[in-house]
Amino acid sequence: MAQDQSVENKALKVILVVEDDEAIGEVMKMALSEEPQFYTLLATTPHEALNLAHSIQVDMLIIDYLLREMTGIELYDRLHAMKDLSHVPTIITSASLGQRTEELEERHLLGLEKPFDIDTLTNTINQLLSQ
């Protein structure tokens with residue numbers, strides 16, 4: 001039974017959500033946790049995200065652009081520089097994505113404008129993870 005559980009856990013996709021508005025982050029985490037194929041972790045600071053990324057294998061990053069200590073792009077650059085995360089698909093979320101287009105395009109990142117529908121988020125995640 002334990003062996004079946006470990007095989008089952010390997011099928012899970014680990015998603016690290018970095019959102020400094022804890023209420024928004026918790027809603028995203030709860031919504032994504034409803035999907036049986038996702039295991040979602042929430043980091044509310046860039047420092048917490050960097051620590052988690054060093055200790056677990058992440059399959060997807062969802063990063064808010066406006067974080068307190070650095071921008072989401074700066075955090076992405078630091079995470080992306082880590083060997084295990086260099087090819088991890090990433091979504092940047094922001095209420096003002098139009099101003100961020102150039103930064104996103106330079107890094108081939110997908111952006112989602114806030115507020116977004118959870119179904120849109122889930123579909124986008126599934127699309128990126130299937131590439």
Side-chain angles (χ1 to χ4, degrees):
M1 184 89 140
Q3 191 175 24
D4 290 340
Q5 202 170 23
S6 66
V7 170
E8 199 173 295
N9 287 342
K10 287 184 181 185
L12 289 177
K13 297 296 183 183
V14 177
I15 300 172
L16 177 56
V17 174
V18 186
E19 172 61 68
D20 59 0
D21 183 325
E22 200 166 338
I24 293 172
E26 284 297 333
V27 167
M28 288 174 62
K29 181 180 174 185
M30 281 181 17
L32 293 174
S33 294
E34 294 292 319
E35 298 294 323
Q37 72 273 26
F38 300 152
Y39 179 76
T40 308
L41 297 165
L42 173 62
T44 56
T45 68
H47 180 71
E48 185 181 1
L50 290 164
N51 285 340
L52 280 170
H54 280 292
S55 62
I56 60 166
Q57 183 176 341
V58 176
D59 298 297
M60 164 77 62
L61 295 164
I62 301 172
I63 304 172
D64 182 37
Y65 185 87
L66 291 175
L67 299 170
R68 289 183 191 102
E69 300 163 20
M70 65 180 75
T71 70
I73 294 292
E74 291 168 330
L75 176 59
Y76 167 79
D77 289 344
R78 289 183 65 182
L79 290 167
H80 186 75
M82 298 167 66
K83 182 183 175 201
D84 292 341
L85 296 178
S86 63
H87 292 90
V88 170
T90 303
I91 298 170
I92 299 293
T93 63
S94 176
S96 55
L97 269 183
Q99 301 169 7
R100 324 278 181 231
T101 305
E102 191 175 310
E103 287 178 297
L104 296 177
E105 287 176 358
E106 284 175 9
R107 292 163 179 84
H108 306 287
L109 293 173
L110 183 65
L112 276 182
E113 186 90 27
K114 288 180 178 179
F116 48 80
D117 181 89
I118 291 298
D119 288 337
T120 301
L121 178 63
T122 304
N123 291 339
T124 303
I125 291 169
N126 282 323
Q127 180 182 26
L128 288 174
L129 290 174
S130 68
Q131 292 179 355

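All figures in this text were calculated on a predicted structure; none of them were measured in a lab.
Placement of L32 and V58 in two distinct hydrophobic clusters is found when ILVMFWY residues are connected by side-chain heavy-atom separations under 4.5 Å, directly or transitively. A single hydrophobic cluster is seen to contain both L16 and M82, as judged by linkage of ILVMFWY side chains at heavy-atom distances under 4.5 Å, directly or through other members. Y39 and I62 are members of different hydrophobic clusters when ILVMFWY side chains are connected at heavy-atom separations under 4.5 Å. Linking Ile, Leu, Val, Met, Phe, Trp and Tyr whenever their side-chain heavy atoms come within less than 4.5 Å puts L50 and L85 in one cluster. In the hydrophobic cluster analysis, where Ile, Leu, Val, Met, Phe, Trp and Tyr join through side-chain heavy atoms closer than 4.5 angstrom, L41 is grouped apart from M28.
Around atom CD of Q57, no more than 12 heavy atoms belonging to other residues, nucleotides or ligands sit under 6.0 Å away. E22 CD: 12 or fewer foreign heavy atoms inside a 6.0 Å radius. Atom CD of E102 has 12 or fewer heavy atoms from other residues, nucleotides or ligands within 6.0 Å. Around the CE atom of M70, the shell of radius 6.0 Å holds more than 12 heavy atoms that belong to other residues, nucleotides or ligands. N51 CG: more than 12 foreign heavy atoms inside a 6.0 Å radius.
When atom types are taken as modelled, the side chain of E19 and the backbone of D21 share a donor-acceptor pair closer than 3.5 angstrom. No donor-acceptor pair closer than 3.5 Å links the side chain of D64 to the backbone N or O of V18.
When all heavy atoms of D77 and R107 are compared, the pair lying nearest together is OD1-NE, 2.7 Å. Contact record, A43 with L52: CB-CD1, 4.1 Å, taken as the closest heavy-atom pair. The two residues L104 and G111 make their nearest non-hydrogen contact at CD1-CA, 4.0 Å.
Applying the ring-ring contact (aromatic ring centres under 6.0 Å, His included) test to residues at least two apart or on different chains, the pairs with a partner in residues 64-95 are Y76-H80. Listed by first and then second residue, the ring-ring contact (aromatic ring centres under 6.0 Å, His included) pairs involving residues 88-131 amount to none (not counting sequence neighbours).
To the nearest 0.5 Å, atom CG of residue L42 and atom CD1 of residue I15 are 12.5 Å apart. The line from CD of E113 to OG1 of T120 is 12.5 Å long, rounded to the nearest 0.5 Å. Between the CG atom in L128 and the NZ atom in K13 there is a gap of 12.0 Å [rounded to 0.5 Å]. Atoms CD and CG, from E35 and L12 in turn, are 12.0 Å apart once rounded to the nearest 0.5 Å.
Checked against ring-ring contact (aromatic ring centres under 6.0 Å, His included), H54 has no partners two or more places apart in sequence or in another chain.
Partner of I63 under the side chain to side chain contact (heavy atoms under 4.5 Å, CB included) criterion, out of V17, L79, L109, I73: L79 alone. Just one residue in the list T90, I92, L67, T45 forms a side chain to side chain contact (heavy atoms under 4.5 Å, CB included) with L75, and that residue is L67.
Side-chain atoms of L121 and I91, non-hydrogen and from C-beta on, do get closer than 4.5 Å to each other. With contacts defined as side-chain heavy-atom distances shorter than 4.5 Å, the pair L66/R100 qualifies.
Judged purely by distance below 3.5 Å, without hydrogens or angles, the side chains of T44 and E48 pair a donor atom with an acceptor atom.
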